[in-house]
There are 4 protein chains.
Amino acid sequence: MKTRDRIIQASLQLFNENGERSTTTNHIAAHLGMSPGNLYYHFRNKEDIIRSIFTLYENHLESAFQPYTPQQLDVEVLISYFDAIFYTMWQFRFMYANLVDILGRDEALKQRYLKVQTRVQTHATELLTQLCRDGFLCVAPDKISRLADSIRMMVSFWISYQLTQSDGSGITKATLYEGVLRVLMIFNGYATSNSANTFARLEQHYSALALRPQ
Amino acid sequence: MKTRDRIIQASLQLFNENGERSTTTNHIAAHLGMSPGNLYYHFRNKEDIIRSIFTLYENHLESAFQPYTPQQLDVEVLISYFDAIFYTMWQFRFMYANLVDILGRDEALKQRYLKVQTRVQTHATELLTQLCRDGFLCVAPDKISRLADSIRMMVSFWISYQLTQSDGSGITKATLYEGVLRVLMIFNGYATSNSANTFARLEQHYSALALRPQ
Amino acid sequence: MKTRDRIIQASLQLFNENGERSTTTNHIAAHLGMSPGNLYYHFRNKEDIIRSIFTLYENHLESAFQPYTPQQLDVEVLISYFDAIFYTMWQFRFMYANLVDILGRDEALKQRYLKVQTRVQTHATELLTQLCRDGFLCVAPDKISRLADSIRMMVSFWISYQLTQSDGSGITKATLYEGVLRVLMIFNGYATSNSANTFARLEQHYSALALRPQ
Amino acid sequence: MKTRDRIIQASLQLFNENGERSTTTNHIAAHLGMSPGNLYYHFRNKEDIIRSIFTLYENHLESAFQPYTPQQLDVEVLISYFDAIFYTMWQFRFMYANLVDILGRDEALKQRYLKVQTRVQTHATELLTQLCRDGFLCVAPDKISRLADSIRMMVSFWISYQLTQSDGSGITKATLYEGVLRVLMIFNGYATSNSANTFARLEQHYSALALRPQ
DNA sequence: TATGAATGAGCATTCATTCAT
DNA sequence: AATGAATGAATGCTCATTCAT
């Protein structure tokens, strides 16, 4: 792996584990057994590292929430979407835990965040429309967009919510699968008789993951 | 006012205006025309100041969300609750903007937060039950608790959400009245024919406030 | 001596001995056996220290180059002026050695420099006029100002000139007395028969000092 | 052009434009689209680059200030000398702006500077003698050397002086033509009736250049 | 010749906190 | 109660230079 990518990966890991605020650039360099100078050879400053991680986030969102091709729809497709939700939360959990702080310090990043969230909203709306059309969900057309928005808000603040509500020390995969289940619960409210069975299986699937110890 | 209280008030003001992170203890002391040593005579450390502010928060919540006495119910009562929601968000907005950060640094404070939130949840549930009983709302008994929870979550993260979504520089009273309106909108979904008129007047009331310039 | 003044004096000393560029704030603090934090308690930053030294420079120039009272004029008065020239060069030699650099980094300081130099020019002109009137010098009235200017330029760049011309390691008092002698030489060109003797004695006085080993 | 020369030219340009201090070796390499490693293949270190630029300076001085052949003397010859003064100041202005700093860091370079300045002094003296002999100037023989010295000092510190005196942002060609005019003014003081006209034309020539916008 | 990743000592500055008075 | 000088560990970042390829 290239040094630049190693720095990004190590930073992401340390940010997720110890928080972005308390992870210093010297920390990251030391963790990689490299000099701080080399880190600054590859990145202009700490903000630049965060922005590069944000690019990963953008790319992931972009690819994960594309509408599916017509013939594809079955449990696997839905699982891929819910897995993507989980993966996003888990992979970038430091960001969700400090969104206000991180975006508050970097106006350019905030603009990028707004942009990508707008796209996510669009894609999510399309996805829900498709699921309605294919008889998996039953949502009034004028409420689809609001549903997508609710889901986005839930996903965006699930980690913050958990960090303020649970007395545990940190976020585990199980915590995030709980979040996935909450989203599923919202879907369940709009399930059709066709999809009830599928959703039951999905719930079983993620319940099992939510119970797994770290 | 006693020195101790002056410190609390000044800290609250500065935290709200400039953020807790960038408000130093020397800053607070200077703002009060007092020595940092004196500040540390009255408080063990910065955390101690935040804890004292948190006590104000607890007291406010405790007194504001008590069930009303039977004969009272009219528009004024509802306004008093919604005003209390607004007041809480406005008065302690620095906390809402940094909840994860603040609670993450102080486990004892987190425990107090959990406790007070549990009480708020209880009181809110009782309140909703009362409003149903008095024919103002129509919510299935087993859904009342979940409704209270949704409202709490909306209030808790409205400020964070606004700080990440809007590209404006900061939180204004109008922003928070928008939040109050969102909560009202949820209530509206459960309004009875008796209360429809009342809710319309409430909406008018807060819409006007949300439009007022800073 | 107050800590603030001790910092100024130590900084001045270290700047003069080792150059301003290579004298770090930690250096200064260590030299005084104090923490860097304390240094920054008394001064906002390094620039602030330099500005405070510059205030000393301003005050010195202001007091040293006042016109003399009529009855005063004798050798002692002239010696006091030439001594002031020497003292200024010696006391603030780091500044003269790095004028371009120091003023180039701090526009506000440059403005103060321009202002004080304008005042020095005025005072020097008045002084020369007085000396002419008292029969010590004979300069055409329209050339007095230009003479003052030449002297100022000579004093301002004597140290720089010496640092580029001599292969010795540094500036000594003797070097600066040489500079004083050069200025005296200019005066000599305008001496009257009344003052010739006085100037001869002055030259002897400073020649002796210029020959003294460090 | 050879890589080595390209490095020298780029360094000279960047030093003149942005100052030697704030022009890093990586800067120079990037400006040339080359790796820092390659730069260090051609030069041992930054000092080595400066020394190579200094060689250009030496060569220029050596060739520009040679006595003229007897039959040549007319306005053109004088213009060529004054143009050479201008060219030297303009081409190597970063050096004049930081002479103390640059020579203070490199004792060997200082020795070369002393040597070349001695030669310049000699040549300038010869030149003035020739001009006297040819009836263009009238200077007492024992004062010729001192006149040459004064001119050298004026040229050497004109840029430094301007950088400390003007509140403008930087050195322009006009600034340096002003310097040339100052030198001309000194010559004027020793002009003969034969040369008065010539000097007037020279003054006109350089005044026009000094007034030209950048 | 040339690349470009890597080094590492060093710097100005911050801030919660302490403590003698 | 109050002062205010003092602490010191920590932080993000720079840049001339090296060296394996």
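Reminder, nothing fancy here: chain letters follow the sequence lines and each chain counts from 1.
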Apply salt bridge (Lys or Arg N to Asp or Glu O under 4.0 Å) to residues A:Glu58 and A:Lys115 and explain how you reach the verdict.
CA-CA 10 Å; A:Glu58 287 171 331; A:Lys115 199 172 181 180; over 6 Å; no
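Within the structure, a side-chain polar atom (N or O) of D:Thr25 is placed less than 4.0 Å from OP1 or OP2 of F:dA16. At F:dT14, none of the side-chain N or O atoms of A:Tyr40 fall inside 4.0 Å of OP1 or OP2 (strictly under the cut-off). A sub-4.0 Å separation between OP1 or OP2 of E:dT3 and a side-chain N or O of D:Ser35 is present. Using a 4.0 Å cut-off, some side-chain N or O of D:Asn38 falls inside it from OP1 or OP2 of E:dT3.
Between B:Lys46 atom NZ and E:dT18 atom P the separation is 15 Å, expressed in whole Å. The nearest whole Å value for the distance from the CZ atom in D:Arg105 to the P atom in F:dA16 is 10 Å. Note: NE2 (A:His42) to P (E:dA5) measures 5 Å, nearest angstrom. Atom OH of D:Tyr41 and atom C1' of E:dA2 are 9 Å apart (whole Å). If you measure from atom CG of D:Asn26 to atom P of F:dT18, you get 13 Å, rounded to the nearest angstrom. As rounded to whole Å, 15 Å separates atom C1' of E:dA2 from atom CZ of D:Phe43. Rounded to an integer number of Å, the gap from CG of B:Asn45 to P of F:dT7 is 22 Å. With rounding to whole Å, C:Glu47 atom CD is found 8 Å from E:dT13 atom P.
Distance CD1/D:Ile50 to CZ/D:Phe43: 11.0 Å, rounded to 0.5 Å.
A 4.5 Å side-chain heavy-atom check between D:Thr3 and D:Tyr41 finds every atom pair outside the cut-off.
Between A:Ala97 and B:Val100 the shortest heavy-atom distance is O-CG1, 3.5 Å.
Each of C:Met34 and D:Thr24 lies near DNA chain F, and the nucleotide nearest C:Met34 is the one positioned closer to the 5' end. Where D:Gly33 and B:Glu20 meet DNA chain E, the nucleotide closest to each residue was compared, and D:Gly33 sits on the side nearer the 5' end. Mapping A:Gly37 and B:Thr3 onto DNA chain F by nearest heavy atom places B:Thr3 at the nucleotide closer to the 5' end.
As the counterpart of E:dG8, F:dC15 is assigned, both hydrogen-bonding distances of the Watson-Crick or G-U wobble pattern falling under 3.5 Å. With a 3.5 Å ceiling on both atom-pair distances, F:dA1 lacks any Watson-Crick or G-U wobble partner.
Counting only distance, with no hydrogens or angles, the side chain of B:Asn16 and the backbone of B:Gln91 share a donor-acceptor pair below 3.5 Å.
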